[in-house]
2 protein chains.
Amino acid sequence: MATIREIAEKANVSIATVSKVLNRKGGISQETVNNVMKIARELNYRPNFTARSLKNGQSRTIGVITEDLTVFNTPEIVDGIDAYCENNGYHYILGNLRFNKRFGNQPDPEECAKLVHSQVDTMLSKQVNGIIYVGYHSRAIAPVYNYEEIPFVYTYCYSTDPNIPCVLYDDQKAAYEATQLLIDRGHCDIGVIAGPTNSIHSANRILGYQEALYANKIPFNPKHIVYGNWERDIGYELSKELIQSGVTAIFAHNDLMAAGVIDYCTEHKIQVGKDLALIGFDNREIGTASRPKLSTVSLPLFDMGQTATQVLLNILAGKHIQRGQKVMLACTIIERESTMPASDSC
Amino acid sequence: MATIREIAEKANVSIATVSKVLNRKGGISQETVNNVMKIARELNYRPNFTARSLKNGQSRTIGVITEDLTVFNTPEIVDGIDAYCENNGYHYILGNLRFNKRFGNQPDPEECAKLVHSQVDTMLSKQVNGIIYVGYHSRAIAPVYNYEEIPFVYTYCYSTDPNIPCVLYDDQKAAYEATQLLIDRGHCDIGVIAGPTNSIHSANRILGYQEALYANKIPFNPKHIVYGNWERDIGYELSKELIQSGVTAIFAHNDLMAAGVIDYCTEHKIQVGKDLALIGFDNREIGTASRPKLSTVSLPLFDMGQTATQVLLNILAGKHIQRGQKVMLACTIIERESTMPASDSC
DNA sequence: AATTACATAGAAAACGTTTAAATTTAGGCA
DNA sequence: TGCCTAAATTTAAACGTTTTCTATGTAATT
């Protein structure tokens with residue numbers, strides 16, 4: 001690779017002059033500028049990013065740690081980070097932890113923490129100016145040991161440390177709107193298939209659900225909430241319970257469990273969309289593949305990536321950020337075939 | 001961040017000594033080693049990767065260019081690259097082109113090329129030692145203008161330049177095996193719903209299909225091959241044609257079109273798995289969501305990532321590589337419910 | 001006591017840049 | 001001619017490392 005020095009030699013000027021020309025600093029005669037530029041082009045010169053950032057002491061680079069790139073939704077968030085970086089003259093380096101292949105569904109917090117630490121170390125070594133942590137478990141598994149050292153922003157999960165800013169989607173609002181849709185379609189006996197009882201996401205969604213019932217003066221029946229494990233089979237099981245207890249609509253807290261509901265209904269000749277209204281959560285591909293197509297809640301993934309980056313770059317630019325700021329982004333309701341008007345209203 | 005210089009001061013030794021200790025070079029007394037190590041730990045020292053690679057003139061870093069990270073399959077390939085790099089002491093930097101959001105289904109080769117060039121420029125700037133190009137169109141859209149400058153390896157797509165090594169999956173073999181499965185299940189009138197006529201992948205799959213027919217002494221009927229556009233709707237349309245012409249099994253060249261076949265059959269009370277055998281390609285989530293569950297071909301994505309990296313690192317290590325080498329990795333057949341034995345055999 | 005050998009440590013240059021300060025050059029004016 | 005100014009260019013140091021070569025001190029050998 002050609003260096004500034006080689007250009008200087010060919011052009012019969014000093015390396016300082018070349019540097020100034022290349023960085024458009026001015027104070028150089030037009031003739032010299034032209035000549036240097038021409039030679040740089042001829043030599044196919046490319047500035048050495050490494051040398052430059054060593055000298056300048058700044059890399060304009062942020063680190064992006066993903067708990068698992070292959071987990072659905074993560075790439076879309078990274079895409080948002082990518083776009084925002086590009087539009088703001090920043091670079092990023094990706095550090096993928098591969099939690100899924102390493103740990104499956106039972107991540108060992110100890111081991112996870114080690115991976116995060118070593119990734120953070122590597123990134124600090126590479127002089128990043130800040131780090132975005134993209135989780136996929138509701139709460140980041142691995143605590144960040146010393147976040148004072150470098151600005152951190154979490155997205156797609158709550159941070160373990162309440163002082164670190166998070167960029168999240170608004171579960172409660174989304175659940176409110178999903179429930180309202182069901183109510184608008186004429187339902188008042190609305191069941192909920194939630195995630196595990198310890199899920200923050202489900203807890204917030206239940207809040208939104210209750211809020212919507214309250215706003216519509218529909219009494220809340222605790223029996224209408226049942227708890228699953230996010231898997232398809234449990235959706236099948238729980239829908240039986242719910243339907244037998246008389247609900248005419250179900251709000252499943254993810255599309256997989258909603259697919260289980262459809263399985264059960266198909267098997268028992270209950271027409272989803274006619275006899276039972278159903279809405280899921282996540283907007284996965286499975287929702288367009290099912291019969292009927294599934295109404296669902298779509299997550300603002302790309303936007304989360306962009307916003308997380310924006311928050312981080314703001315911090316880097318010295319803009320005052322409230323400690324522990326939580327940015328909540330709105331989801332969008334996608335109505336498909338599984339939520340048609342019920343025959344009778346309440 | 002602490003530097004080697006600060007450590008040297010605190011330890012009352014020269015920076016050369018510190019460097020030697022940190023790099024375990026030997027020739028330093030145990031006492032000094034202990035002292036320097038202790039101070040380094042106290043100061044939370046982390047080597048400056050930038051300075052180090054500037055000095056050494058090597059980054060042990062490769063570039064990974066993805067045409068689109070959010071396109072299904074890409075993250076899994078990157079995961080493989082990640083794993084292989086980690087196991088071999090290499091770093092990688094990701095450059096995501098976001099073709100999908102930028103261009104949709106009609107990528108402009110001119111614009112694509114520009115993006116690739118600028119990404120390659122950036123990576124060369126950052127002193128990468130080689131580049132892996134992860135495509136998703138059958139042939140890389142953007143030609144690499146000057147591959148002499150740095151080793152390139154393509155994966156998941158054919159390169160525009162025949163001299164660049166590619167790591168691919170073996171369409172022909174997979175198609176052979178998929179067809180053989182249909183034959184084993186008792187079918188001899190086997191239709192094919194291929195991709196567009198200009199698809200290299202489909203062309204190879206048709207070859208494998210014909211080969212299997214030949215091996216089983218089943219006459220080849222050109223009418224049994226119809227061409228689609230990879231979309232679900234076209235699967236619906238074409239299955240009508242095929243079924244009317246008397247096939248009892250269909251090999252769809254992707255899962256989406258296979259889903260369209262199921263749509264048609266469900267609507268016309270044809271029982272897939274009983275009246276009609278069906279196998280798709282790609283192993284997308286949709287195949288487990290459909291009723292019946294779809295038999296399909298699973299791509300060796302992770303393996304492709306690993307192998308592409310292996311090929312690149314071999315080149316970097318100076319191992320002789322045949323120009324234009326094509327590495328073909330085997331797919332796996334996944335049998336689910338859509339390929340049950342037919343009632344009569346041929 | 002002089003020489004050699006070895007273990008340990010340090011000095012200095014280098015990697016490819018940027019930049020403040022110094023120097024050269026040319027032109028304008030008394 | 002001599003001086004001043006502004007423009008153009010160069011010098012040199014610095015960023016944080018690694019590494020070669022050299023220097024020092026001590027112990028072993030003659």
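The basis for the numbers below is simple: all heavy atoms, side chains too, and nothing from hydrogens, waters or symmetry mates. Within every chain, numbering begins at 1; the chains are lettered A, B, ... in the order of the sequence lines, protein sequences first and strands thereafter.
Judged by distance alone, with hydrogens and angles left aside, the side-chain atoms of B/Thr66 form no donor-acceptor pair with the main-chain N or O of B/Val134 at under 3.5 Å.
Distance CD (B/Gln30) to P (C/dA9): 11 Å, rounded to an integer number of Å. If you take NZ of A/Lys126 and C1' of D/dT17, they are 17 Å apart, rounded to a whole angstrom. As rounded to whole Å, 8 Å separates atom P of D/dT18 from atom NZ of B/Lys25. If you take CZ of B/Phe49 and P of D/dT18, they are 12 Å apart, rounded to a whole angstrom. At whole-Å resolution of the value, CZ in B/Arg5 and C1' in C/dA11 are 12 Å apart. Atoms CG (B/Asn48) and P (D/dC15) sit 12 Å apart, rounded to a whole Å. For B/Ile15 and C/dA14, the CD1 to C1' distance is 12 Å, given to the nearest whole Å. Here the C1' atom of nucleotide C/dT19 and the CG atom of A/Leu22 are 15 Å apart, to the nearest Å.
Among C/dT8, D/dT17, D/dT10, the nucleotide with an atom closest to any side-chain atom of A/Thr17 is D/dT10. The side chain of A/Ala16 lies closest to C/dT19, out of D/dC15, C/dT19, C/dA9. Of the listed nucleotides (C/dT17, C/dA9, D/dT19), D/dT19 has the atom at the smallest distance from the side chain of B/Asn56. The side chain of B/Ala51 lies closest to D/dT17, out of D/dT18, D/dT17, C/dT19.
The heavy-atom pair separating B/Tyr169 from B/Met304 by the smallest distance is CD2-SD, 4.0 Å.
Residue-level contact check: A/Gly27 touches the bases, meaning some heavy atom is under 4.0 Å from a base atom. Within 4.0 Å of B/Tyr45, counting heavy atoms only, lie sugar-phosphate atoms of the nucleic acid but no base atom. Within 4.0 Å of A/Lys20, counting heavy atoms only, lies at least one base atom of the nucleic acid. If you check every strand for non-hydrogen atoms under 4.0 Å, A/Thr3 touches sugar and phosphate atoms only. If you check every strand for non-hydrogen atoms under 4.0 Å, B/Thr32 touches sugar and phosphate atoms only. Residue contacts for B/Leu54: at a heavy-atom cut-off of 4.0 Å it reaches a base atom on one of the strands shown.
An OP1 or OP2 oxygen of C/dG16 is reached within less than 4.0 angstrom by no side-chain nitrogen or oxygen of A/Arg52. Within the 4.0 Å cut-off from OP1 or OP2 of D/dT17, not a single side-chain nitrogen or oxygen of B/Ser19 is found. Within the 4.0 Å cut-off from OP1 or OP2 of C/dC15, not a single side-chain nitrogen or oxygen of B/Ser53 is found.
Checked against A/Ile65 for a side-chain contact (heavy atoms from CB on, under 4.5 Å), the options A/Leu115, A/Val120, A/Ile132 give a single hit: A/Val120. Only one option out of B/Glu31, B/Gln30, B/Lys38 pairs with B/Asn34 in a side chain to side chain donor-acceptor pair (under 3.5 Å); it is B/Gln30.
Ion pairing between B/Glu67 and B/Arg102 fails under the 4.0 Å rule for side-chain N and carboxylate O. Looking at A/Glu86 and B/Arg98, a side-chain N of the basic residue comes within less than 4.0 Å of a carboxylate O on the acidic one, giving a salt bridge.
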